[in-house]
Enquirer: 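The structure that follows is given in the form of structure tokens.
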Amino acid sequence: MIIKPRIRGFICTTAHPIGCAAHVNEQIAYVRSQGHIQSDLKNVLVIGSSGGYGLSSRIVAGFGCGAATLGVSFEKAPRQNKTATAGWYNNIAYETSAAGAGLYAVTLDGDAFSDEMKERVIDTLRADLGKIDLVIYSLASPVRQHPRTGALHRSAIKPLGEAVHMKSLHVQRGEVHEVDLEPANEEETANTVAVMGGEDWEFWIEALEKADLLNDGFRTLAFTYIGSDLTWPIYWHATLGKAKEDLDRAAGTISTSLGAVHGQARVAVLKAVVTQASSAIPVVPLYASLLFRVMKDRGLHEEVVHHIHRLFATQLATGVTQRLDDQGRIRMDDIELTDEIQGEVRRRWPLVDTHNLGELADLEGFREDFLRIFGFGFADVDYEADLDPTLGRDG
Ligand code: NAD
């Protein structure tokens, strides 16, 4: 099968196995080039490990800190004439490179929200690793089946209160247009909190604690985005923001429960990057394209793996002083939110239109990052090669 990108709206329905491996290995090479990160992280569980921030966290934990990593993800296996999802190939690529470097890496694929997956992780830890030092909670999902009520919650990416009228970007057409976003009702808001809020993070730590699998000094991080007033109407002041506020609540509850192991749960506020999840949020691609142009022009741009490397090296390594806000969150969005960067993005916001996108924003960079998520656009990959999308495995 010759594999080309097939883009439908804000997803690409194909993924290139060799390109995905190139993407993973490029990140590994970057982390290796930065040298060893001194830390007490030996065993790390990454929930949402197959893409975006979770994948980079796994790479930095493994190749930066020398940690054994257990990953959890929800990916689709390939068939003879259909590629797998990118994360499926990323998992194999990570496991292969880790094995080559003598690092333990096992990935369990299935629904992280389920009790069954929590049991599989506990069984695997007991069999292979024992107690863990860090859990990275990096899920981004549109739906969650509640393990106790059986209810199926679907998130809604909507404003709260009143409808908003905002500029947005059609990435593939390269068009700036205006969108009307209707507000969420109470049920949609509650569902979004049920999917993207902190309850499942609490369930995970509770289950691991009960199984006596948390090491002394255990830490756990969940990722959030706050951004600036430019995106607040659709993010921080919207349904997703409510879900993220619930992560802050959960961090407090989890930290209290970790007294016996002297542990701590924190939310880490990360910068806007291109991932499968962020591409699906209206307005964010326009904001991100402007932001990337402004940050790149100042030499301040960070790719996903650079950002996560900085998180581990400056906030999780031995002897560091964490940069916390008044809510106890780790702030990694410090560069994105400087007055200089935000001031310039804000100046360009009313000016940007379809015709000047290439000048004021980094649409090409956004598109390239988007394709790279699916393994397309790597110089050394032969995209005309006829490949077996199953990689000889049965999924
Ligand atoms: P992503 O789409 O790249 O990755 C999501 C991961 O979750 C994948 O590994 C996927 O397999 C896994 N997953 C989804 N549903 C699952 C399920 N039911 N069971 C098991 N695994 C499942 O997303 P991302 O952008 O890296 O987001 C990760 C976190 O980072 C989210 O909390 C997000 O809000 C946060 N964040 C993202 C950005 C951004 O700009 N992308 C910025 C700040 C914070």
Side-chain angles (χ1 to χ4, degrees), residues 10-12 15 20 23-24 45-59 71-77 84-91 94 107-118 120-121 136-147 152-155 157 192 195-198 200-201 203-204 221-227 231 235-236 239-241 243-247 250 267-281 283-285 287-289 291-292 302-305 307-308 311 329-333 336-337 366 369-370 372-374:
F10 45 76
I11 60 159
C12 177
C20 287
H23 194 201
V24 170
L45 168 63
V46 182
I47 303 167
S49 61
S50 60
Y53 275 133
L55 173 61
S56 293
S57 299
R58 183 177 206 182
I59 292 170
V72 176
S73 66
F74 205 15
E75 299 296 337
K76 282 205 182 83
T85 49
W88 193 88
Y89 296 128
N90 292 340
N91 288 339
Y94 183 82
T107 314
L108 302 178
D109 216 53
D111 183 9
F113 295 127
S114 68
D115 287 341
E116 187 211 342
M117 179 53 86
K118 293 176 177 76
R120 283 176 67 196
V121 163
I136 296 286
Y137 188 82
S138 186
L139 290 184
S141 170
V143 23
R144 170 179 175 220
Q145 173 145 41
H146 197 284
L152 192 67
H153 300 283
R154 274 183 202 287
S155 62
I157 302 176
T192 310
V195 179
M196 288 298 288
D200 181 62
W201 184 25
F203 285 178
W204 268 103
L221 289 189
F223 296 151
T224 201
Y225 182 69
I226 294 180
T231 54
Y235 203 98
W236 188 243
T239 48
L240 281 172
K244 295 300 192 185
E245 264 176 32
D246 191 58
L247 277 185
V267 167
V269 190
L270 305 183
K271 80 180 279 270
V273 291
V274 185
T275 65
Q276 292 198 46
S278 67
S279 306
I281 305 173
V283 183
V284 167
Y287 169 78
S289 305
L291 178 76
F292 294 173
E302 287 174 304
E303 304 286 342
V304 181
V305 73
H307 194 60
I308 292 295
L311 169 71
R329 308 182 195 103
I330 295 174
R331 297 304 294 244
M332 295 303 298
D333 56 349
E336 172 176 345
L337 292 189
F366 190 99
D369 283 359
F370 179 77
R372 285 160 60 86
I373 295 171
F374 304 93

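We count ligands from 1, going down the list as the structure has it; atoms in each ligand are counted the same way.
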Enquirer: List every atom of ligand 1 that sits less than 4.0 Å from any heavy atom of Ser49, numbering the atoms from 1 in the order shown and giving each element.
Expert: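 In order of number, 9 (O).
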Enquirer: Which option, Ala140, Gly48, Ser138, owns the non-hydrogen atom nearest atom 14 (C) of ligand 1?
Expert: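 Heavy atom nearest to atom 14 (C) of ligand 1 belongs to Ala140.
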Enquirer: So if I count the atoms of ligand 1 from 1 in the order they appear, which ones are less than 4.0 Å from some heavy atom of Gln276?
Expert: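 Within the 4.0 Å cut-off of Gln276, ligand 1 contributes 2 (O).
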Enquirer: Which residue holds the protein heavy atom closest to atom 31 (C) of ligand 1, what is that atom called, and what is the gap in Å?
Expert: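 Result for atom 31 (C) of ligand 1: Leu139 O, 3.4 Å.
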Enquirer: Look only at the side chain of Ser73 and the backbone of Ser49, and say whether a donor-acceptor pair between them is shorter than 3.5 Å.
Expert: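 Not at all, since once roles are kept as given, no pair shorter than 3.5 Å links the two residues.
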Enquirer: Just jot down the ligand 1 atoms closer than 4.0 angstrom to any heavy atom of Gly51, in number order.
Expert: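 The atoms of ligand 1 under 4.0 Å from a heavy atom of Gly51 are 3 (O), 4 (O), 9 (O).
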Enquirer: Taking C-beta and beyond as the side chain, do Phe223 and Ile136 meet within less than 4.5 Å on heavy atoms?
Expert: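 In short, these two side chains touch, coming nearer than 4.5 Å.
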Enquirer: Looking only at protein heavy atoms, which one is nearest to atom 32 (O) of ligand 1, and what is the separation?
Expert: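 Looking at atom 32 (O) of ligand 1, the protein heavy atom closest to it is Lys244 NZ, 2.9 Å.
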Enquirer: Using a strict 4.0 Å cut-off to heavy atoms of Asp111, name the atoms of ligand 1 that fall inside it.
Expert: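 Matching atoms, with element in brackets: 17 (C), 18 (N), 19 (N).
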Enquirer: Give me the nearest non-hydrogen protein atom to atom 44 (C) of ligand 1 as residue plus atom name, then the distance to 0.1 Å.
Expert: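 Scanning the protein heavy atoms, the shortest distance from atom 44 (C) of ligand 1 goes to Thr224 O, 3.2 Å.
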Enquirer: Looking only at protein heavy atoms, which one is nearest to atom 30 (O) of ligand 1, and what is the separation?
Expert: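 Among all protein heavy atoms, the one nearest atom 30 (O) of ligand 1 is Phe223 CB, 3.5 Å.
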Enquirer: With heavy atoms under 4.0 Å as the rule, classify the contact between Tyr137 and ligand 1 as side chain, backbone, both or neither.
Expert: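 Contact part for Tyr137 vs ligand 1: neither.
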Enquirer: Identify, by atom number and element, the atoms of ligand 1 in contact range of Ser50, meaning under 4.0 Å from any of its heavy atoms.
Expert: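 Matching atoms, with element in brackets: 8 (C), 9 (O), 10 (C), 11 (O).
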Enquirer: Can you pull out the closest protein heavy atom to atom 40 (O) of ligand 1? Residue, atom name and distance to 0.1 Å, please.
Expert: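 For atom 40 (O) of ligand 1, the nearest protein heavy atom comes out as Val273 N, 2.9 Å.
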Enquirer: Nearest non-hydrogen atom to atom 11 (O) of ligand 1 belongs to which of Arg58, Glu75, Met117?
Expert: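 Nearest option to atom 11 (O) of ligand 1, by heavy atoms: Glu75.
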Enquirer: Under a 3.5 Å threshold, yes or no: a donor from one side chain and an acceptor from the other, between Tyr137 and Asp200?
Expert: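 Yes.
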Enquirer: Less than 3.5 Å between some nitrogen or oxygen of Phe74 and one of ligand 1, yes or no?
Expert: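 By distance alone, the answer is yes.
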Enquirer: Could you state the interatomic distance from CD1 (Ile47) to CZ (Phe113), rounded to the nearest 0.5 Å?
Expert: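 Here the rounded value is 10.0 Å.
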Enquirer: Short N/O distance, under 3.5 Å, between Met196 and ligand 1?
Expert: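 No, Met196 has no N/O under 3.5 Å of an N/O on ligand 1.
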Enquirer: Provide, to 0.1 Å, the distance between atom 24 (P) of ligand 1 and the closest protein heavy atom, together with that atom's residue and name.
Expert: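 I find the closest protein heavy atom is Thr275 OG1, 3.7 Å.
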Enquirer: So which protein heavy atom does atom 42 (C) of ligand 1 come closest to, and at what separation?
Expert: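 Heavy-atom neighbour on the protein nearest atom 42 (C) of ligand 1: Lys271 O, 3.2 Å.
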Enquirer: Would you call Lys118 and Asp111 a salt bridge, taking side-chain N to carboxylate O under 4.0 Å as the test?
Expert: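 Not counted as a salt bridge, because no side-chain N and carboxylate O are separated by less than 4.0 Å.
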Enquirer: Could you tell me, atom by atom, which parts of ligand 1 come under 4.0 Å of a heavy atom of Gly110?
Expert: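 In order of number, 19 (N), 20 (C).
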Enquirer: Can you tell me how far the NZ atom of Lys271 sits from the CG atom of Leu291, to the nearest 0.5 Å?
Expert: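 Here the interatomic distance stands at 6.0 Å.
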Enquirer: Give the residue, atom name and distance (to 0.1 Å) of the protein heavy atom nearest atom 38 (C) of ligand 1.
Expert: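 Protein heavy atom at minimum distance: Tyr53 CE1, 3.5 Å.
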Enquirer: Going by the atom numbers of ligand 1, which of them fall below 4.0 Å from some non-hydrogen atom of Ser278?
Expert: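 Result: 39 (C), 40 (O), 41 (N).
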Enquirer: Which atoms of ligand 1 sit under 4.0 Å from any heavy atom of Ala272?
Expert: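 This gives 40 (O) as the contact atoms.
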